[in-house]
Trainee: 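Shown below is the structure under consideration.
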Amino acid sequence: MPDGILAEIEGSLRLFRGSAAMVERIRAGVDQMGLTPTLAVAPTARGAWWLASAGQEILILDRAALEMALATLPIAVACDRPDALGLMHNIGITTIGELRSLPREGVARRFGQALLDGLEQALGRVPEPRNFFAPPLRFAAKLELPGEVTHAEGVLFAARRLLVQLEGLLAARQAGVRRFLLILLHRNANPTVLDLGLASPGREVERFMRLLRERLSACKLAKPIEAIRIEAENFVPLHGETVDLFEGSRAESEAWARLVERLQARLGSKAVHGLGLHSEHRPERAWRALAAGERPLRGDESAGVRPLWIIEPPRRLKEKGGAPFDGGPLELLVGPERIESGWWDEGEIARDYFIARAPSAALLWVFRERGTTSGWYLHGMFA
């Protein structure tokens, strides 16, 4: 019997504007995965399953029509026992309608009560309890390519088929992902793993494809690709959002997040990231990189006044009369602020920092090494 899926759709008919419209939407989604479905709709789960198994694409809304449709189906859709099928054919029984015309007691004695129970469930005369499907907590799918691909961008079409499956799983779990892996499989070589991150949780195929296109355009292959695999886990809740009549701050924030993730896909996550303060007195280490969408924690800041523009490495200044001099005399306004730290990680510093005003009225952050005669250094500029 072919693989298939049973879905209860009665509660969704109003949302999708009827059975016919819903069937076409399902068909379009399955087509995107490169599959050819046989879709049947019936008042009972077993009845729809038997119709689809017999290759009949039909939309039945009442039980009288279902009984007539089932009567014409071959008996093989209702019975998978070779011995029972052989006996039925020997006595001239080839359809479900002909089987139902036989005495029930004789059918139960020769073929088992389970066959009769299945007929009653297909017709909706007795209930058929079923276990509901629980979507998995992670996604992993592999697709063999019809031929070797020598350019990374050549896997985009195949990747879409897997991403459609990922979108379906995420929609079923009302979830999204912040990252997923595209694994390019080669013959006799280690796979190429592309880690794609999103600035905010998402599940839309087109959004995934834009990131993938940017990343693959810069990917150089050492070996041809024979198959691809997509993996995703760590799902996060992502419920539907109400569409605003007028685009507001939320739309602007989302557009900014999409720009950030496209830049990361093209340039790499290390080249595009946020900045956050870090509880560290040494200026060189008083910041940390933030992932897209990550917000700095409260209290995550250093003591003292710090310029936004840090010059790394610090620039040596000229001296005049023992004072800092950079195209003109610097006026020391605030200081010294002594920073003496780092003995535990071999990055020890001992400096006296000052805020100074340059002849151009710019405010500079300068220091001199404590206990040495190494002179003055420019380490930052205030906005």
Side-chain angles (χ1 to χ4, degrees), residues 1-136 165 168-169 172:
M1 183 175 292
D3 295 328
I5 296 176
L6 284 171
E8 194 282 316
I9 64 173
E10 184 175 2
S12 304
L13 293 181
R14 183 176 179 182
L15 174 63
F16 293 99
R17 300 181 180 180
S19 301
M22 189 171 187
V23 166
E24 290 308 312
R25 183 161 181 170
I26 294 173
R27 186 187 305 280
V30 176
D31 286 344
Q32 289 184 17
M33 293 186 285
L35 304 175
T36 303
T38 299
L39 303 177
V41 178
T44 67
R46 190 176 292 265
W49 182 266
W50 285 0
L51 290 168
S53 299
Q56 293 196 15
E57 293 208 352
I58 189 170
L59 179 63
I60 298 176
L61 301 180
D62 61 84
R63 295 189 178 181
L66 174 62
E67 184 172 351
M68 295 177 60
L70 292 179
T72 63
L73 298 184
I75 194 62
V77 301
C79 180
D80 57 359
R81 290 170 46 196
D83 57 334
L85 289 174
L87 180 56
M88 290 181 196
H89 283 288
N90 289 338
I91 61 177
I93 303 298
T94 59
T95 66
I96 292 179
E98 293 171 343
L99 176 63
R100 292 187 60 228
S101 65
L102 297 177
R104 291 177 57 86
E105 295 78 5
V107 171
R109 187 171 57 254
R110 288 184 174 88
F111 308 115
Q113 184 62 36
L115 180 59
L116 289 178
D117 292 341
L119 288 172
E120 295 299 304
Q121 291 170 344
L123 294 170
R125 295 174 180 173
V126 296
E128 183 183 8
R130 288 184 174 271
N131 295 324
F132 287 100
F133 170 73
Q165 297 179 37
L169 171 59

Trainee: Can you tell me how far the CG atom of D80 sits from the CD1 atom of I75, to the nearest 0.5 Å?
Mentor: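 Here the rounded value is 11.5 Å.
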Trainee: How long is the span from the CD atom in Q165 to the CG atom in L35, to the nearest 0.5 Å?
Mentor: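 Answer rounded to 0.5 Å: 7.0 Å.
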Trainee: Under the 3.5 angstrom rule, does the side chain of T95 hit a backbone N or O of E98 as a donor-acceptor pair?
Mentor: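 Answer holds: yes.
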Trainee: Q56 versus V77: any side-chain heavy-atom pair under 4.5 Å?
Mentor: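 No, their side chains stay 4.5 Å or more apart.
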Trainee: Could you check whether any side-chain heavy atom of S53 comes within less than 4.5 Å of a side-chain heavy atom of T38, counting everything from C-beta outward?
Mentor: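 They are not in contact (no side-chain heavy atoms under 4.5 Å apart), so the answer is no.
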Trainee: Answer yes or no: does atom CD1 of I91 have more than 12 heavy-atom neighbours from other residues, nucleotides or ligands under 6.0 Å?
Mentor: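 Yes, because the 6.0 Å sphere around CD1 of I91 holds more than 12 heavy atoms from other groups.
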Trainee: So does R81 have more than 12 non-hydrogen atoms from other groups sitting under 6.0 Å from CZ?
Mentor: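 Correct, the count exceeds 12.
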Trainee: Under a 4.5 Å cut-off applied to non-hydrogen side-chain atoms, are W50 and I96 in contact?
Mentor: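 Yes, their side chains come closer than 4.5 Å.
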Trainee: Is the CD atom of E8 crowded by more than 12 outside heavy atoms at less than 6.0 Å?
Mentor: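 Yes, the 6.0 Å shell around CD holds more than 12 heavy atoms from other groups.
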Trainee: Working to the nearest 0.5 angstrom, can you tell me the gap between M22 CE and R14 CZ?
Mentor: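 One finds 15.0 Å between CE of M22 and CZ of R14.
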Trainee: Got a sec, which residues hit side-chain hydrogen bond (donor to acceptor under 3.5 Å, both in side chains) with E128, two or more places apart in sequence or on another chain?
Mentor: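 Here the qualifying residues are R46, R130.
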Trainee: Would you check if L115 and L99 make a side-chain contact, meaning some heavy-atom pair closer than 4.5 Å?
Mentor: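 A side-chain contact exists here, since the closest heavy-atom pair is under 4.5 Å.
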Trainee: Would you say the side chain of L116 lies within less than 4.5 Å of the side chain of Q113, judging by non-hydrogen atoms?
Mentor: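 With C-beta onward as the side chain, the pair touches.
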Trainee: Using side-chain heavy atoms (C-beta onward) and a distance below 4.5 Å, is V41 in contact with I58?
Mentor: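 The answer is no; the side chains never approach within 4.5 Å.
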Trainee: Could you tell me which non-hydrogen atom of L66 sits nearest to which non-hydrogen atom of A42, and how far apart they are?
Mentor: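 Closest approach of L66 to A42: CD1-CB, 3.9 Å.
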Trainee: Taking all atoms of both residues into account, what is the closest heavy-atom pair of P136 and F133, and its distance?
Mentor: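 Minimum heavy-atom contact is CD-CZ, 4.0 Å.
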Trainee: Which heavy atom of M88 sits nearest a heavy atom of F111, and at what distance?
Mentor: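 Here M88 and F111 meet closest at CG-CZ, 3.7 Å.
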Trainee: Output yes when E67 and R125 qualify as a salt bridge under the 4.0 Å nitrogen-oxygen rule, no when they do not.
Mentor: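 Yes, this pair counts.
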Trainee: Is any side-chain heavy atom of T44 less than 4.5 Å from a side-chain heavy atom of L123?
Mentor: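 Answer no - side chains too far apart.
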Trainee: Out of curiosity, I93 CD1 to L102 CG, how far, rounded to the nearest 0.5 Å?
Mentor: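 Going from CD1 on I93 over to CG on L102, the span is 4.0 Å.
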Trainee: Report yes if the side chains of I60 and L51 come closer than 4.5 Å at any heavy-atom pair, otherwise no.
Mentor: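 Yes; the side chains approach each other to less than 4.5 Å.
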Trainee: Could you grab the distance from atom SG of C79 to atom CG of L87, nearest 0.5 Å is fine?
Mentor: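 Answer rounded to 0.5 Å: 10.0 Å.
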Trainee: Of the non-hydrogen atoms in R63 and G124, which two are nearest, and what is the gap between them?
Mentor: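 Looks like NH1-O, 2.8 Å.
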Trainee: Between L73 and L70, does the side-chain contact (heavy atoms from CB on, under 4.5 Å) criterion hold? Intermediate values first, please.
Mentor: CA-CA 5 Å; L73 298 184; L70 292 179; 3.5 Å; yes
Trainee: What is the minimum heavy-atom distance between A20 and L59, and which atoms define it?
Mentor: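 The pair with the smallest heavy-atom distance is N-CD2, 4.2 Å.
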